[in-house]
Amino acid sequence: QVRLVESGGGSVQDGASLRLSCTNSGASFYFYMYTTAWFRQAPGKEREFVAAVSQGGETTDYADFAKDRFTIIRDKDKYSVYIDMNALKPEDTATYFCVGDTTQTWPPSRRPNDYEYWGQGTQVAVSS
């Protein structure tokens, strides 16, 4: 019944910006109870942590590669989480996953296996 759905991916050129969105298709009114994060998986690579936002949206955590270019936002009114990605590079090409978990402490885990709920992913391709 809890199903995370990502959207907003696409093919862009080096230096472009994208906003990826995540919503809970089955339980939007409970979405604020989750620590929510974004992971990504490039072709041939393991999944890696990108950013996380706390249940209330007050605090955020970023991977080093993301901290100066990406912004994770929780919109509690819309029961959604976004990630704004700026100055995209070819190395950002990956499938991006929205993930959620109710058991995280802060700062949250950066291990994919520690998150219970996963979306299907949205693909981002950055060409040079």
Side-chain angles (χ1 to χ4, degrees):
Q1 289 79 12
V2 177
R3 183 170 181 266
L4 302 178
V5 179
E6 306 96 333
S7 62
S11 298
V12 298
Q13 290 188 318
D14 192 357
S17 298
L18 281 175
R19 166 172 279 196
L20 306 183
S21 300
C22 173
T23 188
N24 188 335
S25 65
S28 295
F29 287 105
Y30 299 96
F31 195 39
Y32 72 94
M33 299 177 65
Y34 296 22
T35 294
T36 309
W38 289 89
F39 285 75
R40 71 183 187 183
Q41 186 169 25
K45 302 293 183 65
E46 296 181 350
R47 292 182 179 182
E48 65 176 339
F49 174 84
V50 178
V53 62
S54 62
Q55 296 96 321
E58 298 92 350
T59 55
T60 56
D61 189 40
Y62 295 94
D64 286 343
F65 69 82
K67 62 183 180 181
D68 294 324
R69 296 188 295 128
F70 298 177
T71 304
I72 187 169
I73 303 164
R74 185 184 296 279
D75 187 336
K76 292 189 289 185
D77 291 336
K78 296 183 178 180
Y79 303 101
S80 299
V81 170
Y82 310 100
I83 186 163
D84 291 333
M85 306 189 297
N86 301 308
L88 285 164
K89 307 173 183 178
E91 50 263 46
D92 296 317
T93 295
T95 300
Y96 285 74
F97 298 90
C98 177
V99 305
D101 197 85
T102 60
T103 64
Q104 294 296 308
T105 58
W106 203 262
S109 172
R110 296 188 173 193
R111 297 177 65 252
N113 289 345
D114 288 340
Y115 289 82
E116 182 177 3
Y117 301 108
W118 285 74
Q120 294 298 305
T122 185
Q123 293 186 330
V124 172
V126 185
S127 60
S128 60

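Excluded from the calculations below are hydrogen atoms, water molecules and symmetry mates; all remaining heavy atoms, backbone and side chain alike, are included.
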How long is the gap from OG on S54 to CZ on R74, to the nearest 0.5 Å? 6.5 Å
Between the main-chain N or O of E116 and the side-chain N or O of D101, is there a donor-acceptor pair closer than 3.5 Å? yes
So do T23 and K78 actually touch side chain to side chain, heavy atoms under 4.5 Å? no
Which other residues end up in the same hydrophobic cluster as F39, if Ile, Leu, Val, Met, Phe, Trp and Tyr are linked when side-chain heavy atoms come under 4.5 Å apart? F49, F97, V99, Y115, W118
Is a side-chain N or O of Q104 found less than 3.5 angstrom from the main chain of S109, in a donor-acceptor match? yes
Side-chain touch P90/S128, heavy atoms, less than 4.5 angstrom: yes
Note, W38 side chain near E6 side chain (heavy atom, < 4.5 Å): yes
Kindly compute the distance separating CD (E91) from CG (D14), expressed to the nearest 0.5 Å. 7.5 Å
A42 and T93 have their tightest heavy-atom pair at CB-O, 3.5 Å
L88 and R69 have their tightest heavy-atom pair at CA-NH1, 3.8 Å
Do the side chains of I72 and Y82 join up, straight or via other hydrophobic residues, at under 4.5 Å, putting them in one cluster? no
Side-chain touch L20/V124, heavy atoms, less than 4.5 angstrom: yes
Does some side-chain heavy atom of D92 sit less than 4.5 Å from a side-chain heavy atom of F70? yes
With a 4.5 Å heavy-atom cut-off, do S17 and D84 have their side chains touching? no
Hphob cluster co-occupancy, V53 + F65, side-chain heavy atoms under 4.5 angstrom: yes
In one Ile/Leu/Val/Met/Phe/Trp/Tyr side-chain cluster, 4.5 Å: V12, Y96: yes
Measure the spacing between CG of N113 and CZ of R47 and express it to the nearest 0.5 Å. 9.0 Å
List the atom of Y34, the atom of G100, and the distance in Å for their closest heavy-atom pair. CD2-CA, 4.0 Å
Rounded to the nearest 0.5 angstrom, the CZ-CE distance for R19 and M85 is 11.5 Å
Side chain to side chain donor-acceptor pair (under 3.5 Å) partners for Q120, two or more places apart: none
Starting at CD1 of I73, measure out to SG of C22 and round the result to the nearest 0.5 Å. 13.5 Å
How long is the straight-line distance from OG1 of T60 back to CD1 of I83, given to the nearest 0.5 Å? 10.5 Å
Is the closest side-chain heavy-atom distance between D61 and R110 below 4.5 Å? yes
